[in-house]
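Computed from a prediction, not measured in an experiment: that's the story for all the values here. By convention in this document, chain letters (A, B, ...) are assigned in the order of the sequence lines, proteins followed by strands, and residues within each chain are numbered from 1.
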Amino acid sequence: MPSQFLAEIIIEGKKNARDPEGETIMRDLMIKHGYDMVTSVRSGKILKVTLEAKDEKEAKEICWKMVNELRIYNPIAHVCTIQIVK
Amino acid sequence: MPSQFLAEIIIEGKKNARDPEGETIMRDLMIKHGYDMVTSVRSGKILKVTLEAKDEKEAKEICWKMVNELRIYNPIAHVCTIQIVK
Amino acid sequence: MTEKTISKDKINLTKEEKEAVYKAIKRDLTIPEAAMLEVMNSEHCSYKSSRPVLPKLPTKGPRVICGPGEDAGVVDIGDGLALVFKLESHNHPSALDPFNGAATGIGGIIRDILCMGARPIGLLDSFRLGGLSDPHTKWLLKWVTKGVGDYGNCVGIANAGGDIEFDPSFQINCLINVGCFGVMRKDELALSRATTPGNKLILLGGSTGRDGIGGASFASKNITEESESDRGAVQIGDPYMKKLIIEATLEAIKAGVVDGLKDLGAAGVTCSISETADAGGTGTEIKLENMRLRESDMEPWEILVSESQERMFFVVKPENVKKISEIFDKYELPYEILGEVTDTGKCVVKYNDQIIVDLPAHLLTKPPAADRKASYPKYLNKLNRKWLPKEPKTNELNDICRKIMASDNIISREWVYRQYDTEVGLHSTVKSGYGDAGVFRLSEFDSKKGVAVTFDGNSHQCYLDPYYGGAGVMMEACSNVAAVGAEPIAMTDCLNFGNPEHPQVFWTFEKVVEGLADASKALGIPCVGGNVSFYNHDEVNDVAVKPSPVIFVAGLLEDVTKAVNYSFKAPDEYIILIGETKAEIGGSEFAKVIHKSNNGQVPKVDFANAKTIISKVVNTIKSGLATACHDISKGGLFVALTEMAMNGDLGYEINLKRVPSETERVDIKLFSESYGRFLITAKAEDVEKIIAIFAEEEIPASFIGKVTKKKKLQIENSNNEILIDLPLNEIKQTWKMRMEEEMEGKK
Amino acid sequence: MPMRVIVIQFSGSTCDRDLVSAMKDVMGWEVDLVWYNNALKHLEGYDAIFLPGGFTYGDHLRAGIIAAYTPVMKKVKNLANEGLPVLGICNGFQILVESGLLPGALIGNDTLRFSCKWTNLRIETTRSAATNIANKGDIWRVPVAHGEGRYFLDEKGLKDLNENDQVVWRYVNDNGETTKVANPNGSIENIAGICNLEGNVVGLMPHPERATEAIISPWGSEHGKFFFQSLENYFGGR
Ligand SMILES: Nc1ncnc2c1ncn2[C@@H]1O[C@H](COP(=O)(O)OP(=O)(O)O)[C@@H](O)[C@H]1O
Ligand SMILES: [Mg+2]
C-alpha cells in the first residue's frame with residue numbers, strides 16, 4: 001500500500017556563482033535597516049512535492065531520480081538538496 | 001558571546017491560492033514524463049540567512065522581526081515559516 | 001425551489017434596490033440569488049453613483065463602432081480596420097498586494113480587448129503613489145512595476161507608455177490603472193451577446209476557486225485596517241495560461257465558430273450569464289455541477305460570484321462545439337459546457353437538477369441608480385486664485401531649474417519602463433521615453449497607418465480646480481497624441497475618486513466630468529468607454545485621493561513614417577513656440593515644488609481654439625516640416641525644452657523676449673503650464689512656413705531660439721542678460737538616475 | 001531559391017510571429033510556423049530550425065527547461081547533430097542550453113529586474129552560421145528583453161568555450177569595450193551569444209528579428225539583417 005510523502009526540494013546557486021538576490025537583500029535591506037548581525041544571505045527556490053511511494057526511502061529515490069532526469073536543477077549553476085519531511 | 005545561526009526562511013503562497021508555477025511543473029514536466037506518483041507541487045522561495053545571536057530563541061525572534069519589518073513577504077499573499085537549522 | 005432562502009432584512013442592498021428586486025419577483029430570494037444581486041448592485045459593477053453623471057460625455061462620432069457599454073471601445077480607423085481600447089482601475093487589490101494586484105489588472109484589461117475579437121498589441125499603465133522617497137511608496141512602485149512587467153512580458157504584449165504621479169494623497173490609496181489596445185478587421189467584431197436559443201455556453205480556462213469572492217463588493221469598499229488581513233480577495237495572475245487563452249480565442253474567432261464572447265471579470269459567471277442574455281434578448285441556463293472547482297467544498301453562491309482569473313465565456317452553435325473543442329485541445333486548455341441559451345429572458349442556475357437561481361436577466365444587469373448629493377468643497381474656499389509667487393532673482397533661477405528637474409513628477413521614468421518589453425510585436429516606432437505618445441505601426445494588418453496612444457492625468461490641478469483640471473487633462477492627452485503627428489480620434493477614461501457618498505467628493509466628480517465633457521466636445525473627441533473607481537478613501541486617516549481622472553486618448557496617423565519624437569535632431573535647427581503663455585501658475589510644478597503653494601490660477605483650456613491648434617500641429621508634422629515636436633505640460637517651457645535637449649544630447653539657446661505671453665515675468669514664461677502650447681524644431685528654411693501655418697488662424701507662433709552643439713542650457717531675457725546657464729550633462733544625470741537611485745537603495 | 005526555414009511555436013512562445021515577419025517580409029524567405037506538437041512530424045527538409053523567444057511554460061522552474069523536454073526537441077537535437085543550423089533567440093537560447101545543445105546556464109539578471117533595451121553586440125567570431133558575413137570586431141545594434149539572461153559557466157567550461165572560439169557576441173559600449181555598464185544582465189565576460197563546436201547551433205539573448213527595419217529602431221539601424229544574411233551565406237548564397 002503506497003502512502004503519501006512530502007518532499008522538500010531545495011535548489012540554490014553554487015557557492016562560486018554570485019547570488020545577486022541574496023547579496024541585495026542582505027546589503028540594501030537587512031544591513032541598511034540595522035540588522036547588522038546578518039552575515040550572509042543565500043536565496044533559492046523550494047518545491048514542496050507530495051508523492052506516493054512505498055516508504056520514505058523510495059520517496060527519496062524517486063525524487064533524486066526525477067530531479068536528475070528532468071534537470072529540476074542545472075548542475076552547472078545549482079546545487080540541490082532533498083528532504084522527506086513526512 | 002554571540003554565536004552563528006543558520007535560519008531558513010521559506011515564503012510560499014497561501015494554501016488555497018493558485019500556484020501556477022507548481023501546477024505547471026507538475027503537469028507539464030513531472031506527469032508528462034512519467035512521474036505520475038506526484039500528486040501536488042507547490043513552489044516557494046527560500047532564504048538561508050546566517051546571523052549572530054545569543055541563542056536559538058533570539059535568532060528566531062530577530063528573523064521574525066526582520067521579515068515583518070522589512071516586508072520580506074507580504075502577509076496578504078504569502079505565508080512565511082522560519083526554522084533555525086543550526 | 002428547494003434551495004434555502006434568505007430573509008429580506010439580511011440582504012445587503014439599499015432600500016431602492018430591494019424594492020426593484022421584490023417588485024420583479026414576488027418571493028424570497030435564495031442565497032445564491034442574493035449573492036448575485038449584491039455583487040451586481042455593487043458600485044463596481046452597477047456604476048450606480050456615476051451613471052447619472054456620465055451621460056454628459058459626448059459618445060457619438062463618425063468613427064465610433066462601439067461606444068460605452070461594450071467591454072471596450074471600438075473605432076473605425078479605415079483600411080477595413082478597427083481600433084479597440086480600454087482603460088481600467090485595479091486600485092484596491094494593488095494597494096494590498098501590489099504584485100498580484102497590478103498583474104491581474106493587466107490580465108483583466110487584456111480580456112476586455114480580446115473579447116471584442118481583437119488581438120491585443122499594446123499595454124499602458126498609470127500609477128498614483130505617495131512621495132517617491134517614502135519607503136512604502138518604494139515598496140508599492142517596485143512590485144506594481146514588476147506585476148505589470150511580468151504579466152505583459154509573459155503574454156508578449158508590448159508596453160506603449162504610461163504615466164506616474166507622486167502625491168501624498170495617494171500614500172495609502174494608491175491608484176493603479178491599466179490600459180490595453182488591439183487592432184482587428186472590422187468584420188471580425190465579436191459581441192458579448194447570446195442571440196440564439198439552443199446555443200451552448202462554454203467556459204474556458206482556469207478552475208474556479210474562492211479567490212476574488214466578493215471581489216466586486218470588496219473593490220467598492222474603502223481601505224480599512226481590516227482589509228490588510230482580508231483573505232481570499234487577492235488573486236494570482238497566470239499570464240502563461242492567458243497567453244494560451246488569447247491564441248485559442250483568436251483561432252476560434254478566425255475559424256468562425258464563436259457566436260458570442262464574454263470575459264469573466266467582476267462578478268464572474270454571474271456577470272457573463274446575465275449580460276450575454278440581456279444583450280441578446282434571450283435567457284441562459286447553466287448546470288453548476290459542470291464547473292471545474294479548485295476547492296471541492298465551495299458553496300453554490302461562491303461559485304457563482306468567484307472572480308478567479310484566466311477564464312473566458314463562449315457562446316457556440318451546437319454544431320461548432322466539436323470544432324472549438326479541437327482548438328482548445330491543441331492548446332491543452334481545460335473547458336466545459338456549462339449550459340445553453342434559452343428564450344425565457346431569465347438566468348436559471350441548476351445544481352444537481354434543482355433550480356437554485358431563477359432571475360430575470362435585466363434585474364441583474366440594470367440595477368437602479370443611486371441619488372448622490374453634491375456640495376461645494378470647503379477647501380476650495382481657502383484658495384487664492386489671484387496669487388502669484390514673488391518674482392525670483394536672476395541668481396536664483398539656476399537652482400530653481402535644478403530643483404524642478406530633480407523633482408518626483410519630472411524625473412525620468414526609465415527605471416519603470418525598462419522593465420517592460422516595448423519591442424515585442426515589432427509595432428512600436430515611437431517608444432517610451434522618446435515621444436509624447438507611443439506610436440505603433442499597423443504593417444501586420446497590411447496598413448500604412450499608425451496609432452498613437454497616451455495616458456494622462458493631473459490630479460493636483462483637478463484638486464485645485466476640478467472643472468478646468470478635468471478639461472486640462474483632456475487637452476493634454478490630445479496634445480500628446482498631436483505632438484507625435486497623430487490626429488486624436490477617441491478617448492476612454494478612468495475616474496478615480498474618494499467616497500461618492502461624501503457630497504464634497506461627489507461635487508468634484510461632477511465637475512471633473514463636466515470639464516472632460518466640455519473639452520471633449522470642443523476637441524470633437526468621442527468618449528467610447530470608461531471605468532469609475534470610487535471609495536479611494538483612507539478611513540483610518542480620513543483622506544480621500546485627489547480627484548484623479550486618467551484619460552486614454554488614441555490618435556491616428558495616415559502614414560506612420562511621418563511620426564516624430566521630441567529629441568533635438570541637429571545643431572542650429574530653429575526652435576519655434578506655438579501658443580500663448582498665460583499667468584497660469586496654480587497647480588504647476590513651480591508652485592508646488594518651489595513655493596509649496598496651492599494658490600494661483602490653474603491653466604484654463606481655450607475651448608474656442610483647442611481643436612484648431614491641435615489640427616495645425618498635426619498638419620505641420622504631416623507635411624514633414626517639423627523635425628521634432630513636444631507639447632508643454634508639467635514643468636512648463638523650461639522642462640519641455642530640457643527634455644528635448646536631454647533626449648537629443650544637444651543644448652539650446654533661447655531668448656524669452658520672443659515668447660508670446662500675456663506677461664513679461666520670466667518665471668511665468670519659464671514655468672507656467674498653460675495648455676495649447678507646443679515646441680517644434682525645424683530647419684532654417686522651414687521656419688517661416690511653419691509660422692505662416694499658425695498665423696492663418698492667428699495662433700501665436702514664434703521663433704524663440706536654436707539648438708546648439710554646445711551641451712548647455714542657456715536662456716536669456718529681453719535685455720539679452722543670461723538668466724539660466726546650466727550644463728546639460730549634470731541636469732541629465734540627476735534627472736535620468738534619481739528614480740533608479742531611490743529604488744535601488746543608492747539614496 | 002529563397003531559404004526555407006521552420007519556426008517552432010512552443011506553448012508560451014511570444015516572438016514566433018515577429019521572427020516569421022522578419023524572415024518572410026524583410027528577408028523574403030519561405031517560413032513555416034508550426035505548433036510544437038505538430039512540428040514533430042514536419043521537421044525534415046528545412047534549411048534551418050528556429051526556436052523563437054518568449055516565455056515557454058511561463059518560464060516556470062527555469063526559463064526554457066520545460067520546453068527542452070518536449071518530444072520535438074529530441075528530434076531537433078538529432079538534426080542539429082547532423083549539422084543542420086539551429087538558431088535559438090532569447091527563450092530559444094534558453095531552450096538550447098537547457099536541452100544540452102549548448103553549454104552553460106542562463107540565470108536571473110544581476111539587476112534582479114527584467115530589462116528591455118537596445119545593446120551593442122561585438123562580433124567575436126565569424127565561424128558561426130549567424131555571423132559569417134560579418135567581420136570580427138563589428139558592432140551590431142540589437143535590443144534585448146529578458147529577465148533571465150545572465151550567461152554562466154564554470155571556469156573550466158569558460159576556458160574551453162574561449163579556446164574553441166565558441167563565443168559569438170559580447171555586449172560592448174559605443175567604443176566597442178566590454179564594460180560593466182554595457183552588460184545588461186551581468187553575464188560572464190559580457191557574453192551575449194555562443195555557438196557549438198561546429199558553429200551550426202547558435203544561441204543568443206538579443207533579438208535580431210527586432211532589428212531588421214529602420215522604422216522600429218531608435219537609431220534607424222537594420223543590423224539584425226546581418227544575422228539572417230549570414231545564414232543565407234552559410235548556404236552558399238542561395
Ligand atoms: N508607468 C509607466 N509605464 C510605462 N511608461 C511610462 C510610465 N510612466 C511614464 N512612462 C513613459 O515615460 C515617458 C515620460 O512620461 P511623462 O513625463 O508622463 O510623459 P508626458 O509628459 O509626455 O506625458 C513617456 O514616454 C511615458 O510613456
Ligand atoms: Mg506631455
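- Within 6.0 Å of atom CD in C/E326, more than 12 heavy atoms from other residues, nucleotides or ligands are found, so the atom counts as buried in its surroundings.
- Most heavy-atom pairs under 4.5 Å with chain C: of the set D/S13, D/P218, D/A145, this distinction falls to D/P218.
- Between chain D and the options C/E444, C/H427, C/R441, C/M241, the largest number of non-hydrogen pairs under 4.5 Å is found for C/R441.
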Show the numbers, then the answer: is there a side-chain contact (heavy atoms from CB on, under 4.5 Å) between D/E209 and C/E423? CA-CA 10 Å; D/E209 82 279 15; C/E423 311 291 316; over 6 Å; no
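- Atom CD of C/Q419 is separated from atom OG1 of D/T111 by 8.0 Å, given to the nearest 0.5 angstrom.
- One distance of note links CZ of D/F114 with SG of C/C154; it measures 10.0 Å at 0.5 Å rounding.
- The line from NZ of C/K330 to CG of D/N38 is 6.5 Å long, rounded to the nearest 0.5 Å.
- C/T422 contributes atom OG1, which lies 8.0 Å from atom CZ of D/R210 (distance to the nearest 0.5 angstrom).
- With hydrogens and angles left out, the side-chain atoms of D/S11 and C/Y240 include a donor and acceptor closer than 3.5 Å.
- For D/K24, the NZ atom sits in a loose shell: 12 or fewer heavy atoms of surrounding residues, nucleotides or ligands are nearer than 6.0 Å.
- Atom NZ of C/K732 has more than 12 neighbouring heavy atoms from other residues, nucleotides or ligands inside a 6.0 Å radius.
- We find that C/E414 and D/K117 are not joined by a salt bridge, their nearest charged nitrogen and carboxylate oxygen being 4.0 Å or further apart.
- When side chains are defined from C-beta on, D/R113 does not count as touching C/M743, because their heavy atoms never get closer than 4.5 Å.
- The structure places NZ of C/K431 at 6.0 Å from CH2 of D/W118, a figure rounded to the nearest 0.5 Å.
- Proximity to chain C involves both the backbone and the side chain of D/D18, based on heavy atoms less than 4.5 angstrom apart.
- Between chain D and the residues C/T429, C/D421, C/N565, the most heavy-atom pairs under 4.5 angstrom are made by C/D421.
- You'll find the side chain of D/F55 stays beyond 4.5 Å of the side chain of C/V155, heavy atoms only.
- The two residues C/L244 and D/W35 come nearest to each other via the heavy atoms CD2-CH2, 4.3 Å.
- In this structure, OG1 on D/T14 lies 8.5 Å from CG on C/N153, to the nearest 0.5 angstrom.
- Contacts between C/L426 and chain D at a heavy-atom distance below 4.5 Å involve backbone atoms as well as side-chain atoms.
- Applying the 6.0 Å contact sphere to NZ of C/K569 captures more than 12 heavy atoms from other residues, nucleotides or ligands.
- Contacts between C/E332 and chain D at a heavy-atom distance below 4.5 Å involve the side chain alone, from C-beta outward.
- Listed for the C/R418 side chain is a donor-acceptor partner under 3.5 Å among the backbone atoms of D/C116.
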